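Fair warning: this is a prediction, and the values are worked out from it, not measured in the lab. FYI, side chains are in, hydrogens and waters are out, and symmetry mates aren't considered; it's all heavy atoms of this structure.
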Amino acid sequence: MQKIFCGMSLGVLLFVAGCDLQNLADRISPLSAKPVATPSSKMLSPTALEKSVHEQVNKYRVSRKLPPLTLDSRIIEQARIHSQNMANGKVPFSHNGFEQRVDAIGKSISYRGAAENVAYNLGFQEPDRNAVEGWIKSPGHRKNMEGDYNLTGIGIAKNAKGEYYFTQIFIRS
């Protein structure tokens, strides 16, 4: 079974929304996704997937003549905590706690803006690629990906059901 979801709402195939600190209203739009026929036989570590998401997002930004984002370990830590909490069911799949994550980041990074993208999927051979492609197709996520940010952190967690949870936080320092 293949599923892919992003954002605040769960739906049939794919729903996406981005969270922006200056505009906390979520934008939700349904998208279609092409699941692959068989699950991957290779082991996908969350760290390798995080690196891949970062590379894909930066490749997209460069294609739009935007500067690449720099990974920051303090932002990664908050993104990983949120993804792990969603994967473990401690928090619902959502942007719940976004302001607290940004406040925690703000204790060590002076920032002027922040945004967040979340996603989850199951049964895709390349869960990272499916998440990034869904974000690109979504006006809310795309706005965050193209935003005036210079730092980012990506956290990915996988639960016992094989669902991958993604959190990407964008910061403008």
Side-chain angles (χ1 to χ4, degrees), residues 3-10 14-24 26-28 31 33 44-58 60-61 69-109 111 113-122 124 126-138 140-147 149-173:
K3 298 191 290 187
I4 182 166
F5 297 100
C6 303
M8 296 284 291
S9 295
L10 304 180
L14 171 67
F15 285 90
V16 294
C19 187
D20 181 331
L21 193 58
Q22 283 119 7
N23 180 9
L24 290 175
D26 287 316
R27 299 158 298 277
I28 301 173
L31 300 176
L44 301 171
S45 77
T47 303
L49 291 171
E50 290 166 359
K51 180 180 179 193
S52 176
V53 167
H54 180 246
E55 290 169 355
Q56 290 176 64
V57 168
N58 274 344
Y60 174 77
R61 284 179 60 89
L69 300 168
T70 302
L71 281 173
D72 187 284
S73 61
R74 299 161 291 186
I75 305 169
I76 292 169
E77 179 183 5
Q78 291 300 313
R80 283 180 177 165
I81 291 168
H82 185 55
S83 289
Q84 192 62 56
N85 286 340
M86 289 188 296
N88 292 338
K90 288 184 179 177
V91 299
F93 174 67
S94 69
H95 294 290
N96 290 1
F98 172 64
E99 290 183 32
Q100 290 82 4
R101 286 186 287 286
V102 173
D103 287 346
I105 293 165
K107 291 178 181 174
S108 58
I109 301 172
Y111 70 92
E116 175 179 82
N117 287 346
V118 299
Y120 91 82
N121 63 49
L122 170 68
F124 287 91
E126 297 176 90
D128 52 327
R129 181 183 55 80
N130 282 283
V132 173
E133 286 177 0
W135 288 341
I136 290 169
K137 293 175 184 175
S138 159
H141 282 103
R142 190 173 54 249
K143 177 182 175 188
N144 291 342
M145 290 172 65
E146 295 176 355
Y149 302 107
N150 60 323
L151 302 175
T152 194
I154 300 150
I156 300 173
K158 182 180 176 184
N159 67 15
K161 297 178 200 173
E163 297 168 327
Y164 288 92
Y165 287 79
F166 300 76
T167 303
Q168 181 168 22
I169 300 172
F170 302 88
I171 297 290
R172 180 175 54 245
S173 61

Would you call R101-E116 a salt bridge at under 4.0 Å N-O?
yes

Between Y120 and M86, is there a side-chain heavy-atom distance shorter than 4.5 Å?
no

If I take atom CD from residue Q84 and atom CD1 from residue I156, how far apart are they, to the nearest 0.5 angstrom?
12.0 Å

Measure up the H141 and W135 rings against each other and bin them: parallel (under 30°), tilted (30 to 60°), perpendicular (over 60°).
parallel

Looking only at heavy atoms, what is the nearest atom pair of G153 and A79, with distance?
O-CB, 3.8 Å

If I take atom CD1 from residue I76 and atom CD1 from residue I154, how far apart are they, to the nearest 0.5 angstrom?
7.0 Å

First locate atom OG1 of T167, then atom CZ of F98, and finally report the distance between them rounded to the nearest 0.5 Å.
11.0 Å

Checking the side chain of R172 only, and the main-chain atoms of G147 only, is there a donor and an acceptor separated by less than 3.5 Å?
no

Less than 4.5 Å apart, side chain to side chain, heavy atoms only: is that true for L49 and Y164?
yes

Nearest 0.5 angstrom please: N96 CG to K90 NZ, how far?
15.5 Å

Could you go through the side chain to side chain contact (heavy atoms under 4.5 Å, CB included) check for Y165 and V118 one step at a time?
CA-CA 7 Å; Y165 287 79; V118 299; over 6 Å; no

Are the side chains of E50 and F166 in touch, meaning some heavy atoms are under 4.5 Å apart?
no

Check the pair R129 / F124 against side chain to side chain contact (heavy atoms under 4.5 Å, CB included), numbers first and verdict last.
CA-CA 9 Å; R129 181 183 55 80; F124 287 91; 5.9 Å; no

Mark yes or no for whether R74, through its side chain, and S108, through its backbone, hold a donor-acceptor pair below 3.5 Å.
yes

Indicate yes or no: at least one non-hydrogen side-chain atom of I105 is less than 4.5 angstrom from one of E77.
no

Would you mind reporting whether T47 and R80 have side-chain heavy atoms less than 4.5 Å apart?
yes

With rounding to the nearest 0.5 Å, note down the distance linking CD1 in I169 to OG1 in T152.
8.0 Å

Look only at the side chain of H82 and the backbone of S94, and say whether a donor-acceptor pair between them is shorter than 3.5 Å.
yes

Side chains of I75 and L151: does their closest heavy-atom pair fall under 4.5 Å?
yes

How many angstroms lie between CD in Q78 and OG in S73, if you round to the nearest 0.5 Å?
11.0 Å

Contact summary for G155 and S83, nearest pair of heavy atoms:
O-OG, 2.6 Å

With a 4.0 Å cut-off on N to O distance, would you call E133 and K137 a salt bridge?
no

Any luck finding a side-chain donor-acceptor pair between N117 and N144 under 3.5 Å?
yes

Q56 and D128: side-chain donor and acceptor closer than 3.5 Å?
yes

Return the orientation label for the Y149 and F170 ring planes: parallel under 30°, perpendicular over 60°, tilted otherwise.
tilted

Might you point out which heavy atoms bring S173 and I109 nearest each other, and give the distance in Å?
CB-CG2, 4.3 Å

